[in-house]
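Below: one structure, written as structure tokens.
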Amino acid sequence: MKKSVLILLNYLAFHGFVSYSQETPRCSVPALETQRIKNDRQYLKQKSQFESDLKIYSKLSSKEEIPDSLIVKIPIVVHILYKNETANISDAQINAQIDILNEDFRKKANSKGFNNNSVGGDMKIEFFLAQKDPSGNPTKGITRTAINKVFDITNDISEISQIIRWDENKYLNIWVTSLSGTQLGYGVFPYDSNLEGIESSKARLDAQKNFDGVLIDYRFFGKTVSKNYGFGRTATHEVGHWLGLLHTNADERCGNDFCNDTPEITDLNQASDCNDKFSDCKENGRVTRNMIENYMDYSPDFCMNTFTIDQVKRVRSVLNLSRTRKNIVTQFNTLSEAEKLVSTISPNPVTNKFSVKVLFKGNENLSLTLYNFSGNIIDDKSFSNLRSQEFDYDSSQLQNGIYFMKIQTSKETTIQKILINH
Ligand SMILES: [Zn+2]
């Protein structure tokens with residue numbers, strides 16, 4: 001196997017075209033996790049603790065809770081570590097990858113990330129390239145570093161994070177570089193669940209020099225010429241790990257990924273096609289179809305379009321359980337408190353989009369209702385147990401005219417006039 005891969009890689013380097021053999025492991029989580037578990041029993045304990053934390057999470061409540069209904073935004077910094085100009089991929093290719101993440105994590109209509117699956121879910125997570133660097137200066141959210149090295153995922157993680165990394169409490173770090181062997185990428189699990197009485201796993205992050213993010217080979221980042229991995233789903237898969245999702249077989253035969261609506265499977269899909277695959281994991285010997293369209297399988301990019309509702313629940317739990325993930329989310333999604341209900345529409349007059357900033361004291365049940373001049377309801381949103389927030393509205397389809405926004409908490413109501421003028 002190794003020899004044939006080397007020959008294949010030589011061929012690819014020569015032709016400048018990537019089409020990996022079907023033995024390609026889609027990501028390095030199993031290799032790295034297995035190695036680590038062998039080396040570190042404590043780590044294993046933390047992993048199982050993390051799993052049980054997730055299971056009991058639904059019983060807990062916190063005034064800091066990020067509600068599942070809220071669309072959260074995560075800033076990304078892409079660190080390009082390039083060995084040659086080919087690996088120094090363009091801004092356009094990076095932007096294409098961000099678009100793909102948003103299609104897949106929002107199950108966006110009319111995109112490759114949409115599905116009609118009865119258990120298909122919307123993560124309600126959006127990504128954008130960071131607009132401020134760690135010093136507060138304007139940035140494109142992209143760093144570029146020339147480096148004369150091809151990295152090995154298994155051994156070089158800590159070296160990569162020492163070259164460059166931004167605060168993992170504020171950004172999702174994605175390193176894009178040349179990787180050796182046939183690995184496509186790697187995503188770090190969020191092990192810092194930080195619940196009271198739960199042992200912190202900071203030691204693990206320290207051991208890998210705070211490598212907390214996602215690593216992807218440049219040949220599979222964004223839309224690329226790769227036959228099987230050209231649609232940018234390596235990033236979708238690895239960001240899934242970064243948000244706490246396991247492979248759909250949990251890296252063992254018929255393993256439990258803690259999501260009831262992903263069928264148990266004997267093996268991940270290593271084929272180069274989207275033909276149905278079946279497993280016999282049920283006790284009664286019944287054969288069931290594998291969900292090869294799940295982003296957390298190993299299928300080629302063009303087969304994938306599904307996160308399930310239980311995967312959504314698991315990730316949304318992680319946003320509250322993991323301190324680092326939660327810190328990233330709340331920096332943009334939690335505004336300061338106000339003693340009395342305060343709302344601001346901007347801009348006003350409005351053209352194609354506007355935002356409504358709503359400040360209040362503590363946690364509240366909140367509703368926002370948009371009326372046209374005749375008093376008909378155009379849009380209605382309601383949230384429970386919410387802190388001060390800002391909401392984005394798309395007004396591109398609304399007719400010009402005067403509208404009213406009623407903003408209501410359990411104690412107070414305010415009405416704002418909005419002028420839409422395209
Ligand atoms: Zn994986």
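Note that ligands are numbered from 1 as they come in the structure, with each ligand's atoms numbered from 1 the same way.
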request  = Run through the protein N/O/S atoms less than 2.8 Å from the Zn ion (ligand 1) and write them out by chain and number.
outcome  = Cys27 SG, His237 NE2, His241 NE2, His247 NE2
remark   = Heavy atoms of Glu264 and Ser279 approach each other most closely as O-CB, 3.9 Å
ask   = Hey, are Thr262 and Gln311 close enough side-chain-wise for a donor-acceptor pair under 3.5 Å?
value = no
remark   = With sequence neighbours left out, the residues meeting ring-ring contact (aromatic ring centres under 6.0 Å, His included) with Phe391 are Phe383
query = Is there a donor-acceptor pair closer than 3.5 Å between any side-chain N or O of Arg144 and the backbone N or O of Ile89?
reply = yes
message = Counting neighbours of NZ on Lys149 that are heavy atoms of other residues, nucleotides or ligands and sit closer than 6.0 Å, is the number greater than 12?
response = yes
ask   = Among Tyr218, Phe211, Tyr82, Phe221, whose ring-ring contact (aromatic ring centres under 6.0 Å, His included) with Trp175 holds?
value = Phe211
